[in-house]
Protein chains: 2
Amino acid sequence: MEGYDKYAFEPFAVTVDLAVFTVRAGGLQVLLIERGQEPYIGHWALPGGFVLPQESAGTAARRELAEETGLSDVSGLHLEQLCTYSEPDRDPRMRVVSVAYTALLPDPPEPRGGGDAASARWLAYDGLGPLAFDHDRILADAHERVGAKLEYTCLATAFCPPEFTLGELQQVYETVWGTALDRPNFRRKVLATPGFVEQIPGAARLTGGRGKPAALYRAGDATALHPPLLRPASAPARPPSQSPSPSSNPSPEGRSS
Amino acid sequence: MEGYDKYAFEPFAVTVDLAVFTVRAGGLQVLLIERGQEPYIGHWALPGGFVLPQESAGTAARRELAEETGLSDVSGLHLEQLCTYSEPDRDPRMRVVSVAYTALLPDPPEPRGGGDAASARWLAYDGLGPLAFDHDRILADAHERVGAKLEYTCLATAFCPPEFTLGELQQVYETVWGTALDRPNFRRKVLATPGFVEQIPGAARLTGGRGKPAALYRAGDATALHPPLLRPASAPARPPSQSPSPSSNPSPEGRSS
DNA sequence: CTATTTATAGTCGTACTGACCATTAAGGGA
DNA sequence: TCCCTTAATGGTCAGTACGACTATAAATAG
């Protein structure tokens, strides 16, 4: 911070990029926009935009989240700073430093074309083609972060609507991790963690028609999971197959995919 | 990323700030510089500086680390991006977005006055007065991050010299967490984790004169701790008393201390 | 009515952990 | 020299957590 007058500094453009996840149709989906201009015209990219002069990056991220999803109230959603990407050549047009955020949505609406998004859509995380800029890497980092936070926080309820069954909560874990979990054991663990979920007395939901009705739960007030709910060491292969996260090294520097 | 021509954007200055920790004299110490000009003249601040036009934030952080510590080779040191701080008013002079990094050093030298640091010094983490800008918050976030990563990674060896005893390794945990740990249990846990440490055959070190000589160990090649080594729920009070982390909310937005 | 599906309840053995106790090997002081 | 202190090391034991598994209940599909 010393030496404002000793070092010349170059102005940077500062943007936010959003990796917005949801669990729908039994799979993990990501909100993406299709680029309508060069560079990377026709490629999918993460939604995002410039940080305005009077707002913080977090404020900008929440504003963009509202614009891109079309949701009128995004104040209750989970939004978390992921990492900042600053490779000098990550945007061929100019020097852009981007602060990436991750958001989790329960049961999202189809995105409207509002904001500056040409055409925003929910796409399955698996089998995504190459994204624009370094967004492959950002998305992989975001996926890894979300998967890790499911282990030791109560974050999974952020993917669920206000009332949910334990089966739906388990599907969140299975979808993000790409692994199958033992249902009785999962249930035992969740219920043994105070404040993770609380049962709604007398309520039950028919599970898509078949099977015994499941009790409904609300998110509790706990935020941490002690002890954590660790994902199995090796993924025992689940129906919606999951590509293993390509970023084994979480360091954000050193490469621009 | 769409709409470069629709939104006007204001240029930002982009800097890096470093929270550099070491364990010395039985306490946690931080590398700080004393500000020689307004604002916050006379206050202590985290070392840092501008990101240069042709470098990434990570490159800038490593360059600043070498300049401020006076170390000739910082390539092997642990350096990790922490968070980006972007409150519009965090620097009264201009709009500065700062990418914060955390570094861990074993047995560091006294900092020379090189680089642009007026006077850099190692200060005890406990009992620090208010720092310049929002550096109190950055430092608290860094401390919390380091403490958390000790739980589920093998990061603790980054605080230790190439050869160390298990007692020294335990002191790292106790110093960062501010809690006392049971020595036999700690030993059992560390040795039961494959690749955490490996014994140097036949080597032993006299522990400051008194007591049985301790075996020497090297850092292993493992990076993760499965299962994790969780810190005790409540801190059972250790000699170097530790101020509980003032940032219970890890979100980096919303306030500028 | 029967098979199927899903939720829920419980069992059992292993692994891990926290709280201890015991032994070994060094130095310091009377 | 003998004994005490200090620190490393080795071990026990019980409680908890967890993975694998079996069993029962309550709904629908045919």
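Quick note: numbers below take in every heavy atom, side chains included, and nothing from hydrogens, waters or symmetry partners. In what follows, every chain begins at residue 1, and chains take the letters A, B, ... in the order their sequences are listed.
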Write down the distance between [atom1] ([X]) and [atom2] ([N]), rounded to a whole number of angstrom.
X: A/Leu216; N: C/dA7; atom1: CG; atom2: C1'; answer: 12 Å
X: A/Leu166; N: C/dT6; atom1: CG; atom2: C1'; answer: 13 Å
X: A/Leu169; N: C/dA7; atom1: CG; atom2: P; answer: 12 Å
X: B/Leu181; N: C/dC16; atom1: CG; atom2: C1'; answer: 16 Å
X: B/Glu151; N: C/dT17; atom1: CD; atom2: P; answer: 12 Å

Note to self: According to salt bridge (Lys or Arg N to Asp or Glu O under 4.0 Å), who are the partners of B/Arg231, at least two apart in sequence or on a separate chain?
What the structure shows: B/Glu144, B/Glu151

Next item on the list: State which residues pass salt bridge (Lys or Arg N to Asp or Glu O under 4.0 Å) with A/Arg24; sequence neighbours excluded, sorted by chain then number.
Entry: A/Glu110

Next item on the list: Please work out which residues in residues 217-231 of chain B have a non-hydrogen atom less than 4.0 Å from an atom of DNA chain D and list them by number.
Entry: none

Notebook entry, point to check: So which of residues 184-193 of chain B are in contact with DNA chain D, with a heavy-atom cut-off of under 4.0 Å?
Noted result: B/Pro184, B/Arg187, B/Arg188

Note to self: List the residues meeting side chain to side chain contact (heavy atoms under 4.5 Å, CB included) with B/Leu128, not counting sequence neighbours, and say none if there are none.
What the structure shows: B/Leu32, B/Leu123, B/Leu139

Donor-acceptor pairs under 3.5 Å, side chain of residues 152-161 of chain B to any protein atom, not counting sequence neighbours: which ones?
residue	atom	partner	partner atom	Å
B/Thr153	OG1	B/Lys149	O	2.5
B/Thr153	OG1	B/Leu155	N	3.2
B/Thr157	OG1	B/Cys154	O	3.1

Margin query: I'd like to know if B/Asp141 pairs up with B/Arg145 as an ion pair, taking the criterion as any Lys NZ or Arg NE/NH1/NH2 lying under 4.0 Å from an Asp or Glu carboxylate oxygen.
Written below: no

Mind listing the N/O atom pairs, protein and nucleotides 23-25 of chain C, below 3.5 Å?
none

Check: Which residue pairs pass the salt bridge (charged side-chain N to carboxylate O under 4.0 Å, His left out) test with at least one member in residues 155-169 of chain A, sequence neighbours excluded?
Finding: A/Glu168-A/Arg205

For residues 188-198 of chain B, tabulate all N or O donor-acceptor pairs below 3.5 Å that involve a side-chain atom, not counting sequence neighbours.
residue	atom	partner	partner atom	Å
B/Arg188	NH2	B/Asn185	OD1	3.1
B/Lys189	NZ	B/Pro227	O	2.8
B/Thr193	OG1	B/Lys189	O	3.1

Notebook entry, point to check: What closest approach, in Å, do A/Leu166 and A/Arg187 show between heavy atoms, and which atom pair accounts for it?
Noted result: CD1-NH1, 3.2 Å

Check: Of the non-hydrogen atoms in B/Pro232 and B/Leu181, which two are nearest, and what is the gap between them?
Finding: CD-CD2, 4.1 Å

Next item on the list: Only counting residues at least two apart or in another chain, list the ones meeting side-chain hydrogen bond (donor to acceptor under 3.5 Å, both in side chains) with B/Asp73.
Entry: B/Ser75

Note to self: Taking the nucleotide of DNA chain D with the nearest heavy atom to each, does B/Asp182 or B/Glu168 sit closer to the 5' end?
What the structure shows: B/Glu168

Notebook entry, point to check: Excluding sequence neighbours, so at least two apart, what forms ring pair (Phe, Tyr, Trp, His ring centres under 6.0 Å) with B/Tyr173?
Noted result: B/Trp177, B/Phe186

